[in-house]
Amino acid sequence: MVKVARVHPGSIAEELGILPGTALLSVNGRQLDDFLDWEFLTAEENLEIEATQPDGGHVVYDVERPENEPMGLELEPPTVRRCANRCEFCFVEGLPKGLRRPLYIRDDDYRLSFAYGNFATLSNVKERDIARILEYRLSPLYVSVHATPWEARKKLLNNPRVPNILEQLGTLAAGGIQFHGQMVIVPGLNDGDVLEQSLTDLWNMGDAVLTVALVPVGLTQFSHLYTGKSMDAENAARILDAAERWGERARKERGFTWVTGSDELYLLSGRELPPPSFYGDYSQIENGVGAVTALRERVANGLDRLPRLDGRRIGVVTGTSMMPLMPPLLTQLQQATGGHFELIHAENSLFGPTTTTAGLLVGADIRRVLGARTDLDMALIPAETINENGLFLDDESFAAVREEFSMPVYASYDFIDVLELDGSQLELTAAGSA
Ligand code: SF4
């Protein structure tokens, strides 16, 4: 059963008299268990939909749906499948206590992998799920492989019952399903020979494995389960060596890089980040692969759209890891606009100084570094710090925090997105006007 959350005005659903709260039971005799069933079973034109109305009445809708016309309803969010593993490096285990409850949910859901690109380990996938993935052609999936040798994977996921990922991926690949894979690298566990074996196995699956991202283990001061070594510059360089060797082979034989190290590995090892051509369509950018290169590209391509900002003083807040990369970008912005851009470093007070990613800064950090500043005309903070409800990870609301400052503060992905707004949209403070 799936429940209706909203019905769009003028839609087929409204015409049928479907109301929010209606329980949809089956389509053409097939039981509905979740949004995937609804999505795929209603692809037909002739539908017999069995439902229970909010007042308890049982009803069967006969629908002749014109081709490509959506039903026009939204379902209540699915119950997310919980993770059956207990990885030592789990981000959720590295959260401090007292944050909002949803942050502590350890999801591992192949449905969300298909729908939103969330990575899933497939550890909790049963035969019936495999059959659904094949029937509905849920491709591509985003799979946390971590290691293909079974014993190493059991250790990494801290789960002795984890299925054999090679068998799972083999079955899905034979049914035409493709994947983006990720490996979170824990020094001593899945670097070296395990990494080599895993990349060999994934490479041998041919077209089924679209890309592989290598991501260093990320820990906070609260990662209480972790017993392994931390990632240092030397380890990062070794992992990049492997990635670049495989990447070169892939470019020769398949025409694209195939396996890439995340930006963090480059930053940790002190190596220069590759150019845009290395990342193709940036298919693992959400995983921190190519994000810095994409930012550089967006800034370079957006400079000629920027207005003059002569004499304006603009503060740019970032985290520790981006600090060395920012000056050249700010110089470009300065040259293009005439504004003065000041780089402002914020340490992470929630996770501790070892957490250096700008996107994990919290409301308290922004308040700490900008609160006393009365000399700026505007400040930009990383937009990744704020969720779709306008909240930082520490539950502070961006709207409330920005009210406390004497200058306007904007959440920005790439500077250009805010700075290209024309003067009337940019609330530069009168005090700071040239
Ligand atoms: S798979 Fe591991 S890292 Fe992911 S949610 Fe589960 S325990 Fe955490």
Side-chain angles (χ1 to χ4, degrees), residues 77-97 99-126 129-130 133 138 140-169 172 179-191 194-195 198 202 212-231 239 262 264-265 284 286-289 350-352 354-355 357 359-360 387 393:
T79 309
V80 171
R81 286 204 181 189
R82 302 302 169 97
C83 173
N85 311 311
R86 197 157 158 73
C87 307
E88 290 189 2
F89 54 81
C90 181
F91 180 75
V92 175
E93 297 292 344
L95 291 174
K97 290 194 175 31
L99 303 179
R100 58 182 178 275
R101 286 169 66 105
L103 291 173
Y104 298 101
I105 295 175
R106 291 184 301 134
D107 69 275
D108 194 8
D109 196 324
Y110 70 92
R111 303 168 309 169
L112 305 185
S113 171
F114 171 70
Y116 304 114
N118 296 8
F119 275 93
T121 65
L122 307 184
S123 301
N124 53 7
V125 160
K126 306 275 182 287
D129 300 314
I130 299 274
I133 294 172
L138 304 185
L141 291 176
Y142 290 77
V143 181
S144 287
V145 175
H146 300 327
T148 56
W150 201 356
E151 289 309 312
R153 193 162 191 264
K154 285 179 191 170
K155 227 181 220 174
L156 281 156
L157 298 183
N158 207 0
N159 177 3
R161 287 185 301 280
V162 76
N164 184 333
I165 191 74
L166 275 182
E167 284 175 12
Q168 287 183 304
L169 294 182
L172 293 174
F179 324 92
H180 292 284
Q182 76 159 345
M183 293 178 66
V184 172
I185 306 292
V186 177
L189 280 189
N190 61 342
D191 50 359
V194 175
L195 173 60
S198 301
L202 294 171
V212 180
L214 307 183
V215 182
V217 63
L219 304 170
T220 77
Q221 61 180 350
F222 303 100
S223 299
H224 60 106
L225 289 180
Y226 193 70
T227 56
K229 297 181 209 145
S230 55
M231 184 65 69
I239 295 161
S262 73
E264 212 183 328
L265 286 172
Q284 295 238 23
E286 298 290 330
N287 213 356
V289 177
L350 185 68
F351 297 109
T354 53
T355 300
T357 314
L360 293 177
N387 74 3
L393 271 171

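Just follow the structure's listing: the first ligand is 1, and inside any ligand the first atom is 1.
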Checklist entry - Which atom names give the shortest non-hydrogen contact between N287 and S262, and what distance separates them? => result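 Closest heavy-atom pair between N287 and S262: O-CB, 4.3 Å.
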Item to check | Close approach of T121 to ligand 1, heavy atoms, under 4.0 angstrom | outcome: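 Yes.
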Checklist entry - Does N85 come within less than 4.0 angstrom of ligand 1, counting non-hydrogen atoms of the residue? => result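 Per 4.0 Å heavy-atom rule, N85 contacts ligand 1.
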Next on the checklist: Is atom 8 (Fe) of ligand 1 near the protein, in the sense that some protein heavy atom lies at less than 4.0 Å from it?
Outcome noted: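 Within 4.0 Å of atom 8 (Fe) of ligand 1, protein heavy atoms are found.
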Checklist entry - Without hydrogens or angle criteria, can the side chains of N159 and S123 be said to hold a donor-acceptor pair below 3.5 Å? => result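 There is no such pair between these side chains.
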Next on the checklist: Can you tell me if E286 has over 12 outside heavy atoms packed within less than 6.0 Å of its CD?
Outcome noted: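 No, not enclosed.
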Item to check | Over 12 foreign heavy atoms within 6.0 Å of CZ, R100 | outcome: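 Enclosed.
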Can you sort out which atoms of ligand 1 are near [X], meaning under 4.0 Å from one of its heavy atoms?
X: C90; result: 3 (S), 5 (S), 7 (S), 8 (Fe)
X: R106; result: 5 (S), 7 (S)
X: C83; result: 1 (S), 5 (S), 6 (Fe), 7 (S)

Checklist entry - Can you tell me the protein heavy atom closest to atom 2 (Fe) of ligand 1 and the distance? => result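 Protein heavy atom at minimum distance: C87 SG, 2.3 Å.
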Next on the checklist: Would the distance check show the side chain of R106 and the main-chain N or O of N85 forming a donor-acceptor pair, the cut-off being under 3.5 Å?
Outcome noted: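 Checked: pair present.
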Next on the checklist: Taking the ring centre of each residue, are Y226 and F89 less than 6.0 Å apart?
Outcome noted: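 Aromatic pair excluded; centres sit 6.0 Å or further apart.
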